[in-house]
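The structure appears below as structure tokens.
Quick caveat: nothing in here was measured; it's all calculated off a predicted structure. Atoms within a ligand are numbered from 1 in the order they appear, just like the ligands themselves.
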Amino acid sequence: MCDQRSPPGLAGTSHTMRRRTRNLLGALVLAVVATGVSAATTLRDAAEGLVPMGAALNLGYLTSDATYNSTAAAQYSLLTAENECKWSATEPSQGVFTFDDCDALWHFAQANGMWFRGHNLCWGSYNPAWLEALTPDEKRDALVDHVATVAARYDANVLAWDVVNEAISDSATGADPALKNSTWYPDVPDFVDVAFQTAREACPTCKLFYNDYSIASSQGWSSDKSDAVYALVSDMLARGIPIDGVGFQLHIAVDYGLVDGVAANMARLAALGLEVHVTELDVACGSAPDHDCTWTDAIAEAQADLYGQLLEACLDQPACTNFETWGFTDKYSWLDAQDGSPQHPLPFDEDYVTKDAFDTMVGVLEAAQEAHRPAA
Ligand code: G3I
């Protein structure tokens, strides 16, 4: 089993190797982007020594689409199973654990020298029907059993686990970090504590994360929910509940204007001693409420700018230790299962051709490498 910081092929890569000098970086990014990027550059090569570059992968596409498989392996140094490690996949009947699909993703990561990020141990949605039917006491027991079994199986061979996913109410605030009604709440009111404590007991060396959407920026429209998560994790730390980090999903659209707030939020979580992972980034073409999209060069550039700015924010923050998109090709995005036009949210188009977003991210990474290269 590999060391979680140095999977096969990535030996020597460590977050502590990351070097950041933002003032130099901005100028260098412009220079690199203006002159283009080297043709054969991959995201994982460009990011080596800086940060894992991740993507959520789907076993169905890995086995049915050879280009999806080879592109994922070539471009990314980290993967998350899009659905294969969720409760419905790993415990479809109570006490009957089915790890084949989650294992398959884990083995793909090992075979290709990638980190593996676990998603997720406890979520209030998309759970099997048997779980919903339990009494509150039975749910608590089922939670402990599930978290203990799954966390122990993969042990320390994951970069991190999303222990609890999306627990905070969309109307929560810092003063009132209310939990949303779900499988778990209000039936098991302390389920967040139970999940994290159980995960720590089952895997003392696992990095344990709270993961959510609309919590990335401490400024603007998401500030209330971001403050609520800040209050939640501050309280957990104060009470000795084990937690190592917060995952920013970052399902956003091209009109997202809160990158400074993301950097500020990363900084305040880092000041608590927590890590931050960008876990599910995608940048939709159309915005709420109708998500209509006409894909143009201008939209592609705006999308690329956002990818680049968020990657810079991560590279500038030592506590930001993963940069990951939810999928990687516009051929397959969860967003296109929603209503509305195709959203073109990812760095590769539907034919696996790199987009402006890819070029800009490589430019940011190459500039970061250049900024920290020892003078000749
Ligand atoms: O596999 C079945 C297929 O057999 C069936 O015909 C079809 C009919 O609807 O459903 C298929 O399962 C779907 C599965 O995705 C695989 O495509 C489920 O219905 C569908 O609910 C499931 O959606 C996933 C969703 O989480 C719920 O688990 C999305 O793929 C996945 O991208 C999404 O990921 C979430 C993160 O876990 C948490 N953050 C938000 C993110 C996006 O919603």
Side-chain angles (χ1 to χ4, degrees), residues 54-65 68 72 76 78-92 98 100-102 104-105 116-132 146-147 150 158-170 179-180 182-184 192 195 208-216 222 225-226 229 245-253 256 276-286 288 291 310 322-340 342-348 350:
L57 301 185
N58 182 301
L59 185 60
Y61 308 140
L62 275 179
T63 51
S64 66
D65 183 336
Y68 178 97
Y76 292 95
L78 179 147
L79 73 81
T80 294
E82 184 178 12
N83 293 311
E84 294 78 356
C85 305
K86 292 173 180 174
W87 198 309
S88 294
T90 53
E91 195 183 1
T98 51
D100 287 359
D101 289 356
C102 188
L105 269 295
F116 182 84
R117 192 173 187 288
H119 176 82
N120 55 64
L121 296 175
C122 170
W123 188 8
S125 305
Y126 299 100
N127 289 311
W130 67 263
L131 184 56
E132 305 291 354
H146 183 85
V147 171
V150 180
V158 294
L159 181 69
W161 269 106
D162 289 329
V163 177
V164 172
N165 190 50
E166 302 176 11
I168 286 282
S169 164
D170 290 344
L179 301 176
K180 67 173 66 164
S182 73
T183 305
W184 302 110
V192 175
L208 308 180
F209 273 64
Y210 176 80
N211 188 54
D212 212 334
Y213 61 88
S214 299
I215 63 152
S222 69
K225 192 171 172 188
S226 301
V229 170
V246 174
F248 292 178
Q249 292 188 6
L250 277 163
H251 296 293
I252 59 175
Y256 189 78
V276 175
H277 284 180
V278 173
T279 55
E280 303 186 14
L281 176 61
D282 47 23
V283 182
C285 169
H291 302 280
L310 287 164
N322 178 39
F323 192 84
E324 182 170 12
T325 52
W326 202 245
F328 66 93
T329 166
D330 290 343
K331 187 173 183 180
Y332 310 115
S333 165
W334 72 282
L335 287 167
D336 292 341
Q338 321 293 307
D339 294 335
Q343 294 299 309
H344 308 274
L346 291 160
F348 292 79
E350 38 293 294

Fit a plane to each ring of Trp326 and His119, take the angle between them on a 0 to 90° scale, and name the class: parallel (under 30°), tilted (30 to 60°) or perpendicular (over 60°).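 Plane angle over 60°, so perpendicular.
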Can you say whether the rings of Tyr76 and Phe328 are parallel (under 30°), tilted (30 to 60°) or perpendicular (over 60°)? tilted
With sequence neighbours excluded, what pairs up with Asp65 under the salt bridge (Lys or Arg N to Asp or Glu O under 4.0 Å) test?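 Here the qualifying residues are Lys331.
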Short side-chain donor-acceptor distance under 3.5 Å, Asn211 and Glu280: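 Note: Glu280 and Asn211 side chains meet the donor-acceptor criterion.
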Do Arg117 and Glu324 have side-chain heavy atoms sitting under 4.5 Å apart? yes
Within-4.5 Å side-chain heavy-atom neighbours: Leu105 and Leu59: yes
Heavy-atom cut-off of under 4.0 Å around ligand 1: list whichever protein residues fall inside it, by chain and number.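 For ligand 1, the contacting residues are Glu82, Asn83, Lys86, His119, Trp123, Tyr126, Asn165, Glu166, Gln249, His251, Glu280, Trp326, Trp334.
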